[in-house]
Amino acid sequence: MNKIGRNEPCPCGSGKKYKKCCQNIPQPQQKGTFVYTDLDDLSNQVPALIKQKKFVEAEEICQQLMDQYPDQIDGLHRYAEVFEAQGEKRKAAQYYRKAADFAGHAEGFDQESVDYFGKKAEELVTSDKQ
């Protein structure tokens, strides 16, 4: 079984990051609880806004993430998701590439995370050419 990166979308389909969703379901071998931060709370507003098709508000949250947390991947990743949801494939691919580059240079990301963002960008570029 492949390990899911904590900043990747949760495989359950909630739209939340794995670290804010199923990663925190208590397991017998896990102890303690996950501490949610202001960053997590802000970042996880974006999928709900996307689902409601409130793209302007979602982009505003993305910009807040970029401004308040420039040393975190959340702003890049969430912008990619917003543009993808709007069908702006080139812009989404651009932000997924930026997220892949960020993950490749920042601590705490494994190669699977880098590959995930790179693959998302490539899929969008390929589908845009069709």
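Taken together through direct or relayed side-chain contacts under 4.5 Å among Ile, Leu, Val, Met, Phe, Trp and Tyr, Met66 and Leu39 form parts of separate hydrophobic clusters. A chain of hydrophobic side-chain contacts below 4.5 Å, direct or via other Ile, Leu, Val, Met, Phe, Trp or Tyr residues, connects Leu42 to Val46. When hydrophobic clusters are built by joining Ile, Leu, Val, Met, Phe, Trp and Tyr residues whose side-chain heavy atoms come closer than 4.5 Å, directly or via intermediates, Val114 is not grouped with Phe102.
Checking side-chain atoms of Asn44 against main-chain N and O of Asp41 turns up no donor-acceptor pair under 3.5 Å.
Considering only residues two or more places apart in sequence or on other chains, Glu59 meets the side-chain contact (heavy atoms from CB on, under 4.5 Å) condition with Tyr79, Val82, Phe83, Gln86. With sequence neighbours left out, Asp67 forms a side chain to side chain donor-acceptor pair (under 3.5 Å) with Gln63. Taking Ala93 as the reference, Arg97, Ala121, Leu124, Val125 meet the side-chain contact (heavy atoms from CB on, under 4.5 Å) condition, with sequence neighbours excluded. For the side-chain contact (heavy atoms from CB on, under 4.5 Å) test, residues two or more places apart in sequence or in another chain that qualify with Lys54 are Leu49, Gln52, Glu57. Every residue meeting the salt bridge (Lys or Arg N to Asp or Glu O under 4.0 Å) condition with Lys120, not counting sequence neighbours, appears here in chain and number order: Glu84. By the side-chain contact (heavy atoms from CB on, under 4.5 Å) test, Lys119 pairs with Glu123, sequence neighbours left out. Residues satisfying the ring pair (Phe, Tyr, Trp, His ring centres under 6.0 Å) test with Phe117, not counting sequence neighbours, are His77.
Using a 4.5 Å cut-off on side-chain heavy atoms (C-beta onward), Ser113 and Asp110 make contact. Side-chain contact between Leu76 and Tyr96 is absent, with no heavy atoms from C-beta onward closer than 4.5 Å.
For the residue pair Asp74 and Ser43, the shortest heavy atom distance occurs at OD2-OG, 2.9 Å. Phe109 and Ala103 make their closest contact through CB-O, 3.3 Å (heavy atoms, listed as atom of the first residue, atom of the second, distance). Nearest heavy atoms, Ala92 versus Ala80: CB-O, 3.5 Å.
Interatomic distance, Glu81 CD to Ile50 CD1, rounded to the nearest 0.5 Å: 5.5 Å. Between Gln68 atom CD and Asp38 atom CG the span is 8.5 Å, to the nearest 0.5 Å. From Phe55, atom CZ reaches atom CD of Glu88 across 9.5 Å, with rounding to the nearest 0.5 Å.
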